[in-house]
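Comments concern the structure below.
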Amino acid sequence: MKHAKFDVLFAALLSVGLALAVFGMRIANPHDLSWIDVDAVTGQFAWEQYRTDPGHYFPIVSDRYSWPLAMPLAMFDNFPLAALGLKLLTPAASGPIQFFGPLFLIGVALQALFAWLLLREATPRRSGAAYRSSLFIGTLFFATAPILLVRFQLAHMSLTHQWLLLASLWLIARSNRAGLRGTVRGYAVLEFVAASINPYLMIMTLMLYCGLLLKWIMDKTLNLRNFWMTFIPVASAFVALLISGFINPFAGALVPGEGYGFFSANLNALFNPMSSQFGS
């Protein structure tokens with residue numbers, strides 16, 4: 001177990017080091033905004049407006065970028081729950097702060113962790129240097145995957161948290177050992193986190209969960225007495241979507257803004273009008 005902890009830590013550090021080598025140390029600096037471009041500009045703009053809004057904390061909305069209407073921060077695809085936590089911890093007077101880079105590096109480390117856990121769970125456990133080396137190399141294969149780094153380069157910040165998919169596969173791989181209750185509890189936590197980051201990733205992990213449910217039905221693990229438990233992860237995801245603002249019962253009055261119609265706009269339109277796609 002001692003060697004295992006060292007292997008995972010070393011793989012995570014190597015993976016984070018590669019990400020920093022590719023994109024530069026500045027992405028790790030919360031006060032360095034010089035590298036932010038493309039879609040991340042919109043997310044950073046919305047985060048700073050929410051952060052300096054004294055009138056809104058929870059629910060995670062603000063009207064500083066959509067006055068006079070309040071709009072969920074989730075509309076800008078920038079980690080609403082992380083924004084809420086950082087707003088409580090960082091005073092607005094401390095200057096601009098970005099959390100996209102640090103969160104990406106945390107995601108890379110989690111990618112390494114769940115890759116190692118998945119490979120260890122899905123393969124016969126053995127002792128010796130050869131087995132440890134194979135797990136280590138396999139972990140790096142996942143944690144340094146080009147598709148992960150390309151997502152960050154394209155400024156699709158929330159979609160860089162692909163560790164959620166590996167965590168979902170790990171829960172499936174260990175389901176026989178953890179049992180139905182343990183696996184459902186794990187998926188409830190996972191779906192809450194995924195729904196708090198991005199609905200795309202939530203749907204992907206739920207699809208994997210549905211595959212596990214089908215397996216349980218086929219091998220008769222599920223019955224009428226415990227079938228209700230399988231809805232807990234779905235309920236958990238729904239609650240997270242409500243809290244984060246990805247779904248809103250009042251959305252019809254929020255977007256695009258009742259009374260503005262096709263020509264509705266907010267302060268972001270001054271910097272990012274996208275006139276080629278949406279007109280004025």
Side-chain angles (χ1 to χ4, degrees), residues 8 12 15-16 19 40 43 46-47 50 57-61 72-89 98-119 121 139 142-143 145 147-148 151-152 156-175 178-213 229-248:
V8 175
S15 302
V16 171
W47 146 242
Y50 171 70
Y57 283 87
F58 186 84
I60 308 172
V61 302
L73 190 67
M75 296 294 294
F76 299 89
D77 193 23
N78 55 3
F79 311 94
L81 287 183
L84 172 62
L86 289 172
K87 179 176 180 175
L88 298 174
L89 295 174
Q98 62 85 16
F99 57 82
F100 295 145
L103 273 186
F104 167 66
L105 297 176
I106 292 173
V108 170
L110 289 173
Q111 183 100 341
L113 170 62
F114 284 104
W116 187 87
L117 289 173
L118 172 62
L119 291 173
E121 196 70 46
T139 298
F142 283 102
I147 190 63
L148 173 64
R151 277 298 179 190
F152 187 81
H156 299 162
M157 299 305 177
S158 61
L159 295 180
T160 62
H161 287 260
Q162 299 167 13
W163 62 269
L164 293 164
L165 304 178
L166 295 179
S168 183
L169 291 171
W170 170 65
L171 288 174
I172 293 174
R174 72 157 200 162
S175 60
L180 187 146
R181 291 180 180 271
T183 302
V184 168
R185 284 196 297 266
Y187 259 106
V189 175
L190 179 67
E191 295 307 329
F192 186 90
V193 175
S196 301
I197 294 176
N198 189 281
Y200 292 167
L201 295 171
M202 179 204 72
I203 293 297
M204 293 179 190
T205 53
L206 278 178
M207 290 175 68
L208 291 170
Y209 178 60
C210 289
L212 177 60
L213 293 183
M229 294 180 58
T230 62
F231 292 98
I232 295 177
V234 179
S236 177
F238 182 77
V239 170
L241 290 174
L242 281 175
I243 293 174
S244 300
F246 283 109
I247 57 176
N248 192 304

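Below, all heavy atoms of this structure are taken into account, side chains as well, without hydrogens, waters or symmetry copies.
Scanning all heavy atoms of the two residues, the minimum distance from P80 to I60 falls at O-CD1, 3.6 Å. Taking all atoms of both residues into account, the shortest heavy-atom contact from A82 to F99 is CB-CE1, 4.3 Å. Taking every heavy atom of both residues into account, L166 and Q111 meet most closely at CD1-O, 3.6 Å. Shortest non-hydrogen contact noted between A40 and M157 is CB-CE, 3.6 Å. Contact detail for E191 and M202: the closest heavy-atom pair is OE1-O, 3.5 Å. Closest approach of L171 to T183, counting heavy atoms only: O-CG2, 4.0 Å.
Atom OG in S196 sits 11.5 Å away from atom CG in L201 (nearest 0.5 Å). Expressed to the nearest 0.5 Å, how far CG of L159 lies from CG of L148 amounts to 11.0 Å. For the atom pair L88 CG and L84 CG, the distance stands at 5.0 Å (nearest 0.5 Å).
Although no hydrogens or angles enter the test, the distance criterion places a donor-acceptor pair under 3.5 Å between the side chain of S175 and the main chain of I172.
Residues passing the side chain to side chain donor-acceptor pair (under 3.5 Å) test with W47: none are found, sequence neighbours excluded.
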Check: Taking it one step at a time, do L190 and S168 satisfy side chain to side chain contact (heavy atoms under 4.5 Å, CB included)?
Finding: CA-CA 7 Å; L190 179 67; S168 183; 3.7 Å; yes
Item checked: side chain to side chain contact (heavy atoms under 4.5 Å, CB included) assessment of T139 paired with V8 -> CA-CA 8 Å; T139 298; V8 175; over 6 Å; no
Check: Between L165 and L169, is a side chain to side chain contact (heavy atoms under 4.5 Å, CB included) present by the stated rule, with each step listed?
Finding: CA-CA 6 Å; L165 304 178; L169 291 171; 5.5 Å; no
Next item on the list: Would you check, one step at a time, whether the test side chain to side chain contact (heavy atoms under 4.5 Å, CB included) holds for I203 with M207?
Entry: CA-CA 6 Å; I203 293 297; M207 290 175 68; 4.1 Å; yes
Item checked: Intermediate values then yes/no, ring pair (Phe, Tyr, Trp, His ring centres under 6.0 Å), F79 and H161 -> CA-CA 11 Å; F79 311 94; H161 287 260; 5.3 Å; yes
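Looking only at side-chain heavy atoms (C-beta outward), F142 and L119 come within less than 4.5 Å of each other. I197 has its side chain within reach of V193: a pair of non-hydrogen atoms, C-beta onward, lies under 4.5 Å apart. Using a 4.5 Å heavy-atom cutoff, the side chains of V61 and L73 are not in contact. Contact annotation: the side chain of W163 never approaches that of L113 to less than 4.5 Å [non-hydrogen atoms, C-beta and beyond]. Here the side chains of I147 and Q162 are in contact, with some heavy-atom distance below 4.5 Å. Using a 4.5 Å heavy-atom cutoff, the side chains of L86 and Y50 are not in contact. Within the 4.5 Å cutoff, no side-chain heavy atoms of Y187 are placed close to those of L213.
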For residues 229-247, tabulate all N or O donor-acceptor pairs below 3.5 Å that involve a side-chain atom, not counting sequence neighbours.
from: T230; atom 1: OG1; to: F227; atom 2: O; distance (Å): 2.6
from: S236; atom 1: OG; to: A188; atom 2: O; distance (Å): 2.7
from: S244; atom 1: OG; to: A240; atom 2: O; distance (Å): 3.1

